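Notes for the one structure printed next.
All values reported here derive from a predicted model rather than from experimental measurement. In the text below, chain A, chain B and the rest are named by the order of the sequence lines, each starting its count at 1.
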Amino acid sequence: MSDAAVLIDVAFPLPLKNTFKYKAPGDMSGSAVFGKRVIAPLGKKLLTGFIVGVSQPTDPNFASTCNYEIKEVVSIPEDPPFFTEQLWRFISWAADYYFVPVGTALKSLLPPGATKKSKRWVFLAQNVGSDTCEQRQETDSLPSVLLKKGRMLEKDLISRIGESALKDCIKRGLLTTQDYLEIPRTMDQRGRSKKPIRTLSKQNGSYDPALWPELTPCQVAATNTISAAIESGGFQPFLLYGVTGSGKTEVYIRAIAKTLEKDKDVLVLVPEIALTPQTVRVFLDRFEGGVALFHSGLTPAQRLQEWRRIKERQVRIAVAARSGIFLPIDSLGLIIVDEEHDPSYKQEDGFPYNARDLALVRGMLDAACVILGSATPSFETFENARRGKITRIDLPERYHAGQMPRVEIVDLKDSKRIGDRKGFLTPLLLSHIQETLDRREQALLFLNRRGFDTFVQCKSCGFIFRCPNCDISLTHHKSKQQLRCHLCGYSQFAPPLCPKCASAAMSFHGIGTQKVEEELKKLFPTSRIERLDRDAAHNQEDLVAILERFRNHEIDILTGTQMIVKGHDFARISLVGVLYGDASLHFPDFRAAERTFQVLTQVSGRAGRDRRLSSVLFQTFDTEHPVIRYAARQAYEEFFEYECEVRRELAYPPFGHLILIRLEGNSETKVEQAAIRLGSVGRMLKAPLGGLTILGPAPSPRKKAGGKYRWQVLLKGTTRENLRRLVQQLRDAGHLNQPGVKVTIDVDPIEMM
DNA sequence: AGCACGCCGACT
DNA sequence: GTCGGCGTGCTC
Ligand SMILES: [Zn+2]
Ligand SMILES: [Zn+2]
């Protein structure tokens with residue numbers, strides 16, 4: 001029986017939307033197991049693929065009934081399956097939902113080194129080498145390595161003598177080429193000998209639940225509800241809505257313990273930036289079995305090691321950044337998404353997915369509980385809770401009885417010197433900085449640079465232009481003297497005078513963090529001042545290094561562009577200043593207010609926790625903005641209600657769904673034409689579907705990277721189904737393949753610049 | 001992703 | 001006349 005050949009479906013980790021059928025000959029049929037790796041010919045190459053279907057050839061004539069020749073796989077390496085049918089179903093669902101080829105999505109399931117590509121070698125023809133003078137001359141130009149060994153890698157030869165010379169040699173029969181794929185070492189052999197990367201060890205805390213801290217009544221109630229769900233098994237989603245400092249982590253810990261007790265494993269997702277040793281230690285200190293740590297900062301060898309520890313169940317808790325949603329936890333009982341509102345759960349390039357949303361899908365497929373935790377839930381999650389799709393659990397009390405956080409609002413309209421570069425260094429801010437330095441404490445200053453080159457604000461009254469259709473701020477296109485909405489394409493002339501107060505001071509172009517840093521250095525010459533932004537920290541290493549020095553108090557004032565304090569304990573920070581809050585409040589995005597509320601809450605939450613952090617300064621022209629009022633009172637729900645009015649009216653999420661189609665290319669006219677065409681075709685197709693709106697096309701306000709021009713078309717729908725159907729129709733009719741234009745689809749977009 | 005096939009511009 | 005650019009379409 002085992003001698004009979006079997007038919008297998010193979011998926012390749014390439015942008016291919018189909019899987020491929022192969023025969024596994026009799027001697028391999030025993031190894032033809034779901035999820036295993038195969039070496040198979042595809043086109044002219046030998047590639048590594050993965051078995052995603054095994055069928056007995058009940059119909060021996062299958063080969064003759066299908067319209068292509070079924071090839072045989074070359075080999076099935078000995079290593080165990082890379083994924084289960086369950087995980088494959090999950091990734092297939094995700095590929096379909098996000099409109100990416102299944103092969104692209106497959107890549108995110110695989111550990112580093114799982115795939116090998118064949119390499120092409122060049123060989124010296126048999127008859128070459130006899131010492132004819134004529135041949136001498138011909139082979140003179142070839143590298144000596146090739147002449148000596150008789151072979152070399154094609155790409156090495158091309159880099160030496162060029163492609164045309166190679167072709168010439170082949171034509172004259174001097175050289176031949178052949179593809180080779182070295183049979184990969186099994187995953188079992190790879191990296192086994194490596195010492196564990198684990199340098200973290202238990203510090204304090206106990207493995208014994210009896211010695212864990214006592215819970216508050218609210219924590220007890222939350223724990224009971226979640227434990228009951230874990231006990232009964234099956235998919236159950238929760239929103240753990242707890243104010244900062246209410247002790248969500250302690251509830252996570254109990255839920256994890258309960259899950260382990262049921263012999264199930266746990267995935268904890270944490271925003272990339274918060275995945276620090278301190279975060280991991282929280283779990284390491286409580287669970288004897290240890291935790292796996294998975295994020296993009298690991299080396300390939302480390303990623304493989306952690307992947308394998310999880311796959312082999314050597315460790316039963318994985319703490320991971322967003323890509324961890326694809327980890328091979330085969331008996332998954334619980335997924336925790338901490339700070340679920342954090343935008344870093346959204347992957348923006350290649351395979352754009354949202355790990356928080358996928359956590360719910362995976363929980364459903366794996367029959368696991370899912371806890372989404374946040375003090376400021378994303379509106380999508382909060383609305384899901386209101387509709388009863390997610391069970392809401394509140395933690396209203398503060399765990400540490402600290403004083404209420406205090407945020408001081410500084411009115412930038414009062415600043416007379418806003419025109420010069422000292423504008424954002426208001427007298428109040430400077431006096432706070434001075435006091436901080438006098439106490440030998442640290443200050444963290446945020447200046448969102450992204451705000452400056454996008455929208456235009458009156459320097460004297462704070463007026464901002466908004467789109468009449470989309471309720472987002474307009475972006476400035478300097479060259480055309482135009483203000484544009486980057487969602488719907490609305491445009492108007494950029495007037496030289498403020499429409500509200502007639503001031504001529506209408507823009508903030510050219511003020512950046514560098515200048516603030518320079519100015520601070522002049523004002524506080526003896527202090528150690530550094531900048532943390534993309535220019536100062538090119539890579540993760542630089543970032544970590546700067547944060548580490550800040551932590552060690554080798555820096556007094558750190559200026560930065562984003563909230564980089566998450567997950568770090570900076571004990572000596574006593575001042576946090578948001579220099580230009582309008583950059584966040586009026587960022588051209590319908591989620592600007594939601595984001596600002598999150599940031600304000602997060603910063604002031606720290607003020608309550610760290611006793612030293614005495615001041616949070618938020619400088620803005622718009623001191624009366626509702627976000628500020630609500631955030632000051634920590635009134636999330638009122639803010640939600642307020643903000644939802646606009647969302648409902650304009651059918652933005654969570655009351656509508658979005659799919660963004662991006663177009664980019666080297667030719668300005670080609671991209672523009674394609675975008676216009678896509679917009680009009682979309683408008684024709686949407687009518688019979690109903691409930692759909694098409695915004696745009698509009699040129700992207702983003703700086704064109706690498707000379708590329710970008711346009712976008714935003715599809716908005718009251719139901720997901722019709723929205724998806726529209727994209728399918730556009731795709732199937734070929735409107736997403738336009739010459740010279742790369743089209744990408746972003747489902748549930750977050751970043752829409 | 002590769003790779004081949006195929007159709008128009010500037011070269012021997 | 002060809003060499004070579006890349007747009008298009010396929011790979012079991
Ligand atoms: Zn004004
Ligand atoms: Zn608009």
Side-chain angles (χ1 to χ4, degrees), chain A residues 5-25 28-29 32 34 36-57 59-76 92 95 99-110 112-122 153-155 158 162-172 177-181 349-351 663-667 669-671 673-674 677 707-708 731-744:
Chain A
V6 292
L7 211 52
I8 59 177
D9 294 302
V10 175
F12 294 95
L14 301 171
L16 299 168
K17 54 183 184 145
N18 297 319
T19 60
F20 296 81
K21 286 195 190 303
Y22 288 89
K23 274 181 289 200
M28 283 184 213
S29 62
F34 197 101
K36 282 191 70 151
R37 189 157 58 152
V38 300
I39 310 300
L42 184 73
K44 294 237 153 175
K45 304 225 101 176
L46 276 186
L47 296 173
T48 312
F50 295 84
I51 301 178
V52 295
V54 183
S55 52
Q56 303 302 320
D59 175 9
N61 293 322
F62 179 82
S64 58
T65 59
C66 74
N67 51 3
Y68 50 83
E69 176 210 0
I70 295 179
K71 295 184 186 172
E72 278 190 0
V73 298
V74 170
S75 75
I76 303 181
S92 304
F99 293 101
V100 295
V102 77
T104 303
L106 170 64
K107 280 192 218 160
S108 50
L109 281 189
L110 303 172
T115 59
K116 269 258 156 50
K117 279 179 202 153
S118 57
K119 286 178 184 150
R120 179 166 288 186
W121 291 79
V122 176
L153 278 174
E154 188 196 48
K155 70 166 164 58
I158 288 173
E163 203 164 355
S164 50
L166 171 65
K167 272 191 185 159
D168 195 51
C169 288
I170 292 170
K171 206 192 271 174
R172 287 190 294 152
T177 60
Q178 175 84 48
D179 279 11
Y180 277 100
L181 178 78
D349 40 51
F351 170 21
L663 301 93
E664 71 168 51
N666 294 317
S667 153
T669 48
K670 271 187 186 172
V671 176
Q673 293 302 312
R677 212 155 34 228
K708 292 255 193 286
R731 186 182 56 181
D732 296 345
H735 293 110
L736 303 183
N737 305 323
Q738 311 231 29
V741 181
K742 200 180 137 210
V743 178
T744 48

What N/O pairs connect the protein and nucleotides 6-12 of chain C at under 3.5 Å? Give each pair on its own line.
{"from": "C:dT11", "atom 1": "O3'", "to": "A:Gly43", "atom 2": "N", "distance (Å)": "3.0"}
{"from": "C:dC12", "atom 1": "OP1", "to": "A:Pro41", "atom 2": "O", "distance (Å)": "3.2"}
{"from": "C:dC12", "atom 1": "OP1", "to": "A:Gly43", "atom 2": "N", "distance (Å)": "3.4"}
{"from": "C:dC12", "atom 1": "OP2", "to": "A:Lys71", "atom 2": "NZ", "distance (Å)": "2.4"}
{"from": "C:dC12", "atom 1": "O3'", "to": "A:Lys21", "atom 2": "O", "distance (Å)": "2.8"}
{"from": "C:dC12", "atom 1": "O3'", "to": "A:Lys71", "atom 2": "N", "distance (Å)": "2.7"}
{"from": "C:dC12", "atom 1": "O2", "to": "A:Lys21", "atom 2": "N", "distance (Å)": "2.6"}
{"from": "C:dC12", "atom 1": "O2", "to": "A:Tyr68", "atom 2": "OH", "distance (Å)": "3.1"}
{"from": "C:dC12", "atom 1": "N3", "to": "A:Tyr68", "atom 2": "OH", "distance (Å)": "3.4"}

I need the CG-C1' distance between A:Leu14 and B:dC3, as an integer number of Å. 12 Å
Between A:Thr104 and A:Lys44, which is nearer to the 5' end of DNA chain B once each is assigned its nearest nucleotide? A:Thr104
Could you tell me whether the side chain of A:Phe351 reaches within less than 4.5 Å of the side chain of A:Lys107, counting heavy atoms only? no
Got A:Tyr22 and A:Val74 here, is their nearest side-chain heavy-atom distance under 4.5 Å?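 No. Closest side-chain heavy atoms not under 4.5 Å.
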So, is A:Lys45 near the phosphate of B:dA1, with a side-chain N or O under 4.0 Å from OP1 or OP2?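 For B:dA1, neither OP1 nor OP2 has a side-chain N or O of A:Lys45 closer than 4.0 Å.
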Using every non-hydrogen atom in the two residues, find where A:Val38 and A:Phe50 come nearest and quote the distance to one decimal.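 Closest pair (atom of A:Val38, atom of A:Phe50, distance): CG2-N, 4.3 Å.
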To check you understand the geometry: which heavy-atom pair defines the closest contact between A:Gln738 and A:Ala674, and what is its length? NE2-O, 3.5 Å
In chain order, what residues pass the side-chain contact (heavy atoms from CB on, under 4.5 Å) check against A:Lys36, with sequence neighbours excluded? A:Ser31, A:Val33, A:Ile51, A:Ile76, A:Pro81
